[in-house]
Amino acid sequence: MMEKKKTEVVIVGAGLAGLATAACLTMHAIPHVILEREDCIASLWHKKSYDRLHLHLAKQFCQLPHLPHPSSCPTFMSKNHFITYINDYVACFNLCPRLRCEVESAFFDDEDGKWQVVVRNLETGEVEEYVARFVVVATGENDKAVVPEFPGIESFPGEVIHSMDYRNGSKYKGKDVLVVGCGNSGMEIALDLSNFGAKATIVVRNELHVVPRELLFWIMLLRKFLPIYLLDALLLFLCYFKYGDTAKYGIQRPKQGPLHLKETTPIYPVIDVGTFQKIKSGHIQVLPSVKSIKGNNVRFKNEISHQFDAIILATGYKSSAKEWLKGDDYLIGEDGISKQKFPNHWKGRHGLYCAGLVRKGIYGLANDAEKIANDINTLLKDDDAKKMN
Ligand SMILES: Cc1cc2nc3c(=O)[nH]c(=O)nc-3n(C[C@H](O)[C@H](O)[C@H](O)COP(=O)(O)OP(=O)(O)OC[C@H]3O[C@@H](n4cnc5c(N)ncnc54)[C@H](O)[C@@H]3O)c2cc1C
Ligand SMILES: *[C@@H]1O[C@H](CO)[C@@H](O)[C@H](O)[C@H]1NC(C)=O
């Protein structure tokens, strides 16, 4: 076994949360190491998202600590534009993640009061070990695909992919494509398919709020001045004005308002960038849940059957933190997400932290990163003071 490497903080994951935490630690001159499984930083943005993706929220809600977007930057940034920003961020703080290093396990050693982090170097296949006082879990809420099982799916002869492997609709031109799941990804992929000349159908299983992106942006600017119930009423009124009754097109709205749900539950409204217009005009078909599949034939809950050439599963993601984080039953729940309630979700015991694991997007992970770095800084300063005495 190789000699163990020592550092103050091990950050697992070089996505936005890991990079933001590293930048904040750098500001305090605290030694740290970032370990990343993939061969690039921000792998979700580089490798697991579709071409036409734009940030769903306005730029001021999508920036990392200590580097605001310039005023020349558009309100809703494209994926490539955002990747350029992340690269600039890494250069600006001189961050050097160790790529192709997968954390296989991390556990707290009671005896010496430190974390032992076991890492597989995917380049050489060798195992390395780090010893650190602090560990930051920054492996994201979207590491693995959620793939539901449908009766008969194995008989489907066409392509079945998860939304993380979808890039654009060019190869689906003229094809019948079923998109399962109507979160932001599913809705936008259906639009993309339709724009590329495919015949898209989207499965809508639950009640949901669809809201136009720009409208949500303006309403959120009023958040400081008006109570949620008024904003919800205003938003729903304007949505009705733009869309009419969405239930007529197969999309039932929940009883509670979109902003109320957003603030009190993990349920976000679906941000519409043009899909609903295509649903209204009949270019995109909406159907209820899938009941069964036989060959190319898919049967839906309302007993309608339809033939498809391909299926895209926009059925969401899950965290993989529990696969490697051993013996912490305080901070991270079985689902790999923080089980402590916001705003106390980021700090565990024995120097364990998590950033970006409370379903609050880029805005949330940027806040987590600052709090974590400040907390570690305070603890280290206290230690120094004790040593002096
Ligand atoms: C398609 C899509 C669009 C989104 N758009 C927005 C938006 O517009 N606005 C917004 O606020 N939020 C958005 N989000 C939500 C969220 O803010 C982003 O997913 C954001 O990238 C999360 O960053 P993260 O660092 O927490 O996780 P990730 O970006 O997923 O980074 C985690 C990193 O950890 C690495 N990793 C995982 N396991 C290990 C391991 N064992 N060892 C080493 N490395 C590991 C992964 O390879 C990955 O690079 C979007 C999410 C998706 C999926
Ligand atoms: C669509 O994606 C493929 C595969 O990534 C790529 O080669 C092609 O250039 C893309 N087409 C368009 C029109 O963007």
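These numbers come from a predicted model, not from an experiment.
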**Q.** Full working for salt bridge (charged side-chain N to carboxylate O under 4.0 Å, His left out) between Glu141 and Arg359
**A.** CA-CA 8 Å; Glu141 298 159 349; Arg359 300 197 166 103; 5.3 Å; no

Indicate yes or no: does [X] engage [Y] in a salt bridge with an N to O separation below 4.0 Å.
{"X": "Glu128", "Y": "Lys5", "answer": "yes"}
{"X": "Lys199", "Y": "Asp309", "answer": "no"}
{"X": "Lys291", "Y": "Glu303", "answer": "yes"}
{"X": "Glu102", "Y": "Arg120", "answer": "no"}

Can any side-chain N or O of [X] pair as donor or acceptor with the backbone N or O of [Y] at less than 3.5 Å?
{"X": "Arg253", "Y": "Val210", "result": "yes"}
{"X": "Asp232", "Y": "Leu259", "result": "yes"}
{"X": "Asn184", "Y": "His56", "result": "no"}
{"X": "Asp375", "Y": "Lys371", "result": "no"}
{"X": "Thr315", "Y": "Val146", "result": "yes"}
{"X": "Lys59", "Y": "Pro70", "result": "yes"}
{"X": "Ser43", "Y": "Asp39", "result": "no"}
{"X": "Glu36", "Y": "Glu38", "result": "yes"}
{"X": "Lys242", "Y": "Pro212", "result": "no"}
{"X": "Asp272", "Y": "Val211", "result": "no"}

Q. Got a sec, which residues hit ring-ring contact (aromatic ring centres under 6.0 Å, His included) with Tyr229, two or more places apart in sequence or on another chain?
A. none

Q | Which residues share a ring-ring contact (aromatic ring centres under 6.0 Å, His included) with Tyr243, sequence neighbours left out | A | Phe276

Q: For the residue pair Phe237 and Phe241, categorise the inter-ring angle as parallel (less than 30°), tilted (30 to 60°) or perpendicular (more than 60°).
A: parallel

Q.
Listing request: all side chain to side chain donor-acceptor pair (under 3.5 Å) pairs with a residue in residues 211-223, at least two apart in sequence or in separate chains.
A. Arg223-Glu263

(Q) One pair to check against side chain to side chain contact (heavy atoms under 4.5 Å, CB included): Phe300 and Val203. What are the steps and the verdict? (A) CA-CA 9 Å; Phe300 296 87; Val203 170; 3.8 Å; yes

Just checking [X]: does its [atom1] atom have more than 12 heavy atoms from other residues, nucleotides or ligands closer to it than 6.0 angstrom?
{"X": "Lys175", "atom1": "NZ", "value": "no"}
{"X": "Arg167", "atom1": "CZ", "value": "yes"}
{"X": "Gln277", "atom1": "CD", "value": "no"}

Going by heavy atoms in the side chains, are [X] and [Y] under 4.5 Å from each other?
{"X": "Thr84", "Y": "Met77", "result": "no"}
{"X": "Leu287", "Y": "Val298", "result": "no"}
{"X": "Phe217", "Y": "Gln60", "result": "yes"}
{"X": "Ile271", "Y": "Leu57", "result": "yes"}
{"X": "Ile312", "Y": "Leu193", "result": "yes"}
{"X": "Leu64", "Y": "Tyr85", "result": "yes"}
{"X": "Ile202", "Y": "Met187", "result": "yes"}
{"X": "Leu236", "Y": "Pro258", "result": "yes"}

Of the non-hydrogen atoms in [X] and [Y], which two are nearest, and what is the gap between them?
{"X": "Asn142", "Y": "Met164", "value": "O-CE, 4.2 Å"}
{"X": "Phe76", "Y": "Ala58", "value": "CE2-N, 3.6 Å"}
{"X": "Phe342", "Y": "Val358", "value": "CB-CG2, 4.3 Å"}
{"X": "Leu226", "Y": "Leu230", "value": "CD2-CD1, 4.2 Å"}
{"X": "Val286", "Y": "Gly250", "value": "CG1-O, 3.9 Å"}
{"X": "Cys62", "Y": "His69", "value": "O-NE2, 2.8 Å"}

Which residues pass the side chain to side chain donor-acceptor pair (under 3.5 Å) test with [X], not counting sequence neighbours?
{"X": "Lys322", "answer": "none"}
{"X": "Gln340", "answer": "none"}
{"X": "Glu323", "answer": "Lys144"}
{"X": "Ser194", "answer": "Lys278"}

Q. Given the rule that I, L, V, M, F, W and Y join up when any side-chain heavy atoms are under 4.5 Å apart, are Ile86 and Leu53 in one cluster?
A. yes

Side-chain donor/acceptor pairs under 3.5 Å, residues 130-140, sequence neighbours excluded:
{"unit_1": "Tyr130", "atom_1": "OH", "unit_2": "Arg98", "atom_2": "NH1", "d": "2.8"}
{"unit_1": "Arg133", "atom_1": "NH1", "unit_2": "Asp383", "atom_2": "OD2", "d": "2.3"}

Q: In sequence, state the C-alpha distance, the side-chain angles, and the governing distance for Val179 and Ile284, and then conclude on side chain to side chain contact (heavy atoms under 4.5 Å, CB included).
A: CA-CA 10 Å; Val179 181; Ile284 295 174; over 6 Å; no

Q) Does any pair with a residue in residues 154-210 pass ring-ring contact (aromatic ring centres under 6.0 Å, His included), and if so which ones, sequence neighbours excluded? A) His162-Tyr317

Q: Any pair with a residue in residues 24-55 that passes ring-ring contact (aromatic ring centres under 6.0 Å, His included), sequence neighbours left out, goes on the list, sorted by first then second residue, please.
A: Trp45-Phe82

Q. What's the verdict on side chain to side chain contact (heavy atoms under 4.5 Å, CB included) for Trp115 and Leu352, showing C-alpha distance, side-chain angles and the deciding distance?
A. CA-CA 9 Å; Trp115 285 86; Leu352 181 69; 3.6 Å; yes

(Q) Ignoring hydrogens and geometry beyond distance, is a side-chain donor-acceptor pair present between Ser170 and Asn168 at under 3.5 Å? (A) yes

Distance-only donor-acceptor pairs under 3.5 Å for side chains of residues 362-369, two or more places apart:
{"unit_1": "Asp368", "atom_1": "OD1", "unit_2": "His345", "atom_2": "NE2", "d": "2.7"}
{"unit_1": "Asp368", "atom_1": "OD2", "unit_2": "Gly356", "atom_2": "N", "d": "2.9"}

Q. Which residues satisfy the side-chain contact (heavy atoms from CB on, under 4.5 Å) test with Ala233, sequence neighbours excluded?
A. none

Q | Candidate list Lys6, Lys114, Lys4, test salt bridge (Lys or Arg N to Asp or Glu O under 4.0 Å), partner Glu129, passing option | A | Lys4

**Q.** Residues Ile34, Thr21; criterion side chain to side chain contact (heavy atoms under 4.5 Å, CB included); working and verdict
**A.** CA-CA 10 Å; Ile34 318 173; Thr21 307; over 6 Å; no

**Q.** Nearest-0.5 Å distance, NZ of residue Lys255 to NE2 of residue His260
**A.** 13.5 Å

